[in-house]
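Heads up: the structure comes next, in structure tokens.
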Amino acid sequence: MSAMLAVDGVWVMLSAILVLFMQAGFVLLEAGATRMKNAGHIAGKQLLGFSVAALTFWAVGYGLTFGEGSWIGHTGWFLDLPEEKGAIPNELSFLFQLSFAAVSLAIAWGGFAERAKLSVYLIFAFIYTVAIYPVVGHWIWGAEGWLHSLGKQDFAGSTVVHLQGGVAALVATLMLKPRLGKYNRDGSSNVIPGHNQVYSVLGVLIIWLGWFGFNPGSTLSAQDGFYGYVALTTVLAAAAGVLAAYCTSLLLTGKAEIPAILNGVLAALVAITAACAFVEAWAAVVIGLVAGSLTTYTAVYFDKKGVDDPVFAFSVHGIAGIWGSLSTGLFASPRLVEKVGIGKAGLFYDGGFSQLGVQLVGVVVAALYVALVTFIALWILDKTMGLRVSKEDELKGLDISEHGSYSYPEHVMFMRHEEEIRRVM
């Protein structure tokens, strides 16, 4: 292995570690945004789901995504693929791509939160890593994928990773129905606050850090320094998303709500993920501003419509994934398109509607495919084993009903003691 290829290998390994560390961020974000009685369950299923995904992606998922074939890969089971000359080893490529698949799965979990059976998580993790994620991934990122051949621009996965996870989360949310106590008989919504906003903030900061493996790491090379430019557009968009969400929250509620601000940074990161290598710095700011505001509005809208999305997974990853995927059709710069070598310039650079049309086709096809397969998979699981825990188990909390112990046992015991004292008095 040459010295420069070795440097690239270390860069990809470091990027994979950063993206894998995002799993810790998702644990803190989701656990903090939900109730104390489910915190241990949320953390535990993250570890179990990742483990299922790792083994499945190694056995078949990676080959389905990157093997030969225009519609789906049909070679490369257990990483049995020829080593490309001048490319990083297959093992490093696998680890990097696994980290992306695991993030997409973690996004989907947001729609299951606080009411799905643990067994459903395990089975759906297998289905998602075999029949959902690799298919769209191959269409867009596979060397022979049909959307890749059309010039679909998705540098680090606004469509492949985030839109897929967001759509799967929405389908799960609708099929599982709202959490107990979320909506009143007149349709009005009750706030179910998360138990620890500090956890959520820390989780988002970890995810933001991990995104420097996500976007800059997708250059797959440290040789020409282009990863630095990708990092720049990433951080500019994220910062713009924070401020847009802050302002939008003030307009909608009169308060700078912390969950809205957190969703703003995540939505901006999601949106810039497709465009980070294709757009100029000023366009990255615009993309982040639109994403941060859009996710705040849509989160409120879906809640009013009876969609109980506990962590707003579809607003953050689905809506922002759509916007980010379409944004390259508007803002893709000719010089950057030439450098990356995929697709054409955007509409605002006199590129016409061609690239925007390709982006739209990719978004629609991906969303429909994921929604259909997710619905079929969850419908079968619902009819055979049931998706949702019993009412009693949901009220007790999934920590005790699924795992036999609470994550905060001292606090629960104190609350019970206080209740007994009130009864006596």
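This chain uses plain numbering: 1 for the first residue, then up along the sequence. Everything numeric here is computed off the predicted structure, so don't read it as measured data.
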Side chains of residues 230-241: which donor-acceptor pairs under 3.5 Å do they make with residues two or more places apart or in other chains?
from, atom 1, to, atom 2, distance (Å)
Thr233, OG1, Val230, O, 3.0
Thr233, OG1, Cys276, O, 2.9
Thr234, OG1, Asn215, ND2, 3.0
Thr234, OG1, Val230, O, 2.8

Scan the side chains in residues 11-25 for donor-acceptor partners under 3.5 Å anywhere in the protein, sequence neighbours excluded, and list what turns up.
from, atom 1, to, atom 2, distance (Å)
Trp11, NE1, Thr219, OG1, 3.4
Ser15, OG, Trp11, O, 2.9
Gln23, OE1, Gln46, NE2, 3.0
Gln23, NE2, Ala102, O, 3.2

Name the atoms and distances for all side-chain donor-acceptor pairs under 3.5 Å in residues 310-327, with sequence neighbours left out.
from, atom 1, to, atom 2, distance (Å)
Ser315, OG, Thr298, OG1, 3.3
Ser315, OG, Ala299, N, 3.3
His317, ND1, His162, ND1, 3.1
Trp323, NE1, Ile287, O, 3.1
Ser325, OG, Thr159, OG1, 2.5
Ser325, OG, Gly321, O, 2.8
Ser327, OG, Gly324, O, 2.7

For residues 60-74, please give each side-chain donor-acceptor pair under 3.5 Å, one per line with the distance, not counting sequence neighbours.
from, atom 1, to, atom 2, distance (Å)
Tyr62, OH, Ser93, OG, 2.6
Thr65, OG1, Gly61, O, 2.8
His74, NE2, Glu68, O, 3.2

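Shown here are the ring-ring contact (aromatic ring centres under 6.0 Å, His included) partners of His148, two or more places apart in sequence or in another chain: there are none. When the ring-ring contact (aromatic ring centres under 6.0 Å, His included) test is applied to Phe331, the partners found at least two apart in sequence or on another chain are Trp282, Phe348. In this structure, Thr374 has no side chain to side chain donor-acceptor pair (under 3.5 Å) partners at least two apart in sequence or on a different chain. Lys255 pairs by the side-chain contact (heavy atoms from CB on, under 4.5 Å) definition with Thr253, Glu257, not counting sequence neighbours. In this structure His403 satisfies the ring-ring contact (aromatic ring centres under 6.0 Å, His included) test together with His41, sequence neighbours excluded. For Asp382, the side-chain contact (heavy atoms from CB on, under 4.5 Å) test picks out Leu387, with sequence neighbours left out. Legend: residues meeting ring-ring contact (aromatic ring centres under 6.0 Å, His included) with Phe50, ordered by chain and number and at least two apart, are absent.
Glu394 pairs in a side-chain hydrogen bond (donor to acceptor under 3.5 Å, both in side chains) with only one of the listed residues (Arg115, Arg388, Lys37), which is Arg388.
When only modelled atom types and interatomic distance are considered, Asn38 and Asp399 share no side-chain donor-acceptor pair under 3.5 Å.
Evaluation of the side chain to side chain donor-acceptor pair (under 3.5 Å) test over residues 165-181, restricted to residues two or more places apart or in two chains, returns Glu114-Arg179, Arg179-Asp308.
Ring-centre distance between Tyr227 and Phe212: not below the 6.0 Å cut-off.
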